[in-house]
There are 2 protein chains.
Amino acid sequence: MSGSWQQERHGNDISSGSRASDEQIVEQVRRAVLTQRLPPGTRLPEVALGEAFGVSRSVVRKALTRLVANHVAVQRPNQVARIASPDVDETREIFSARRLIEGEVVALMTGSLTQALRQRLAALAEAEKAAFAEGDEERRIEASLAFHHCLAEHSPNRTLGAMLGDLILRTSIVIALYKPADLASCYLEGDHDDLLAQLVAGQPDAARARVQTHLNSLEALLDLRTPTGAIDLGALFGRGQSLSQADA
Amino acid sequence: MSGSWQQERHGNDISSGSRASDEQIVEQVRRAVLTQRLPPGTRLPEVALGEAFGVSRSVVRKALTRLVANHVAVQRPNQVARIASPDVDETREIFSARRLIEGEVVALMTGSLTQALRQRLAALAEAEKAAFAEGDEERRIEASLAFHHCLAEHSPNRTLGAMLGDLILRTSIVIALYKPADLASCYLEGDHDDLLAQLVAGQPDAARARVQTHLNSLEALLDLRTPTGAIDLGALFGRGQSLSQADA
DNA sequence: TGGAGCACCATTGTATACCGGGATTGTATG
DNA sequence: CATACAATCCCGGTATACAATGGTGCTCCA
């Protein structure tokens, strides 16, 4: 049952020992969720987390509270917190909200990219392409996420940028949940390059449209037909998940 | 120094005693902020809050963490939490974000209002008008907020609805901060009626435009000329605030 | 008289102890 | 063999104690 946290514990860069603050815990968990090392429904027991990060439950609780507020985790009274696993309706809503907000963000950025930012985005798009060519899906996801995250961080409107950051995270969750098992990668060739071209070309509405079709394509890759949580277990068995997300 | 919490304590409906959960604390604080009984910069000491609600610091801390995550309060290490007081840049960003999101929400709702919802919105608009006519600004604000909050709650896209709810709250904060002292009311006559008309008429883009001009008018009422936090103190002295927000 | 240094107090950060609820597992019975 | 019941264990909820930090006001000296 305890399962996945052991992986976290010594499997990768999380914590590795002593004295993390709640800020660091949320950041680590967010990164783990983004890179899909923490699948939807994963249990997040306070004590286990505390031991993993070398702190007591107090700080873990604070971190969990923040994660719940960000819709990264869900918490029902007297039950262990879990990584959120939104149903299909919420998934569609998340994509819809993200189309709106990321569209606006890129529209606002269009034409005013610094040289450094343009180069960074280009490098990220290139890195994604390279990783895909090599078949390194994990690195490809990381680059793709970094691309979008870069947009969020450099949003002229920081409020929208923060919202976009949360939405990107939630998108990662639902992708992990609803990606068809037979789909090797969610790579959409050239989309990021095209978007970048629009961003520097200086056509806000065109850039907005680019982002929205990009997100539409992404959503279209997902298997959103299940009538909400019914065949859920079947889907879970399809991929190699442990029982850590039993009753999600 | 301690000031404003005593007002809260026995001045109005907050707490009045025993055994509140963090949920209730968050809700009460949100309501108090909305109705501007808790001005920006107000200190929120953990012990005082705990006594007011009859709980210990643990639950207060959880509530504060959530309020901070929602940008209602700010918290710097080893210092008392305070109600947020955004600078003018952030204020503009909040309005901008709200125009985008509330515009989309009403566009989505247009044409599909239930009879009950239509009546409720009409009643709220009417209540606001009546309160304004009577010069009861507090009740007017409450009705106005309820109108927008009603939109947020009934958003077909619940994610956007939740975002809008937060934005409405933050808008209340910046209005309290930047409303010119000589302005008796932020009432925009007929705006809500017109919006409701557009909502039932079935013109999404028209409704969106209505909301956006409404919010533009509201933002235009504010005094956003100060070069960010410089004359801030002057503005604070202008209104009759106690020293509870000294170094905000 | 004014400024710098210091001590005290207010308030937060962290850990821990105790309580209570829920889930799981084992057992007995139909 | 299935199901219902019961005990146990795990885990979260709350309160409290202790440590640490920052702010305030006082005093002392120039």
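Residue numbers start from 1 in every chain, and the chains themselves are labelled A, B, ... in the order their sequence lines are given, proteins ahead of strands.
One can find a donor-acceptor pair under 3.5 Å joining the base of C:dG13 and the side-chain atoms of B:Arg57.
Between A:Arg61 and A:Glu46 there is a salt bridge, since at least one side-chain N of the basic residue sits less than 4.0 Å from a carboxylate O of the acidic one. Salt-bridge annotation for A:Arg140 and A:Glu137: present, with a side-chain N of the basic residue lying under 4.0 Å from a carboxylate O of the acidic one.
Under the 3.5 Å distance criterion, the side-chain polar atoms of A:Ser155 are left unmatched by any main-chain donor or acceptor of A:Ala152.
For the helix from C:dT1-D:dA30 to C:dG30-D:dC1, the terminal axes (five pairs an end, C1' atoms, rotation from four pairs onto the next four) enclose an angle of 10°, given to 10 degrees.
Both A:Asp22 and A:Pro77 sit near DNA chain C, but only A:Asp22 has its closest nucleotide nearer the 5' end. When each of A:Asn78 and B:Ser58 is assigned the nucleotide of DNA chain C bearing its nearest heavy atom, the one mapping closer to the 5' terminus is B:Ser58.
Here C:dG13 presents its P atom at 13 Å from CD of A:Glu23, a figure rounded to the nearest Å. Separating the CZ atom of A:Arg82 from the P atom of C:dA23 is a distance of 10 Å, rounded to the nearest angstrom. With rounding to whole Å, B:Leu49 atom CG is found 15 Å from D:dT14 atom P. Distance CD (A:Glu51) to C1' (C:dA15): 14 Å, rounded to an integer number of Å. The interatomic distance linking B:Arg61 (CZ) with C:dT14 (P) rounds to 7 Å, in whole Å. Computed from coordinates, the A:Phe53 CZ to C:dG13 P distance equals 19 Å when rounded to whole Å. Distance, A:Lys62 NZ to C:dT14 P: 7 Å, rounded to whole Å.
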Discussion item. Determine whether A:Leu108 and A:Leu160 satisfy the following criterion, side chain to side chain contact (heavy atoms under 4.5 Å, CB included), listing intermediate values before the conclusion.
Written reply: CA-CA 10 Å; A:Leu108 288 173; A:Leu160 285 179; 4.3 Å; yes

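Closest to the side chain of A:Gln79, out of C:dT11, D:dT16, C:dA23, is C:dA23. Among the nucleotides C:dG13, D:dT14, C:dA15, the one closest to the side chain of B:Glu46 is C:dG13.
Heavy-atom minimum distance, B:Ser172 versus B:Leu34: OG-CD2, 3.3 Å. The shortest non-hydrogen separation linking B:Arg225 to B:Asp223 is NE-OD1, 2.8 Å.
The number of heavy atoms from other shown groups lying within 6.0 Å of CZ (B:Arg120) does not exceed 12.
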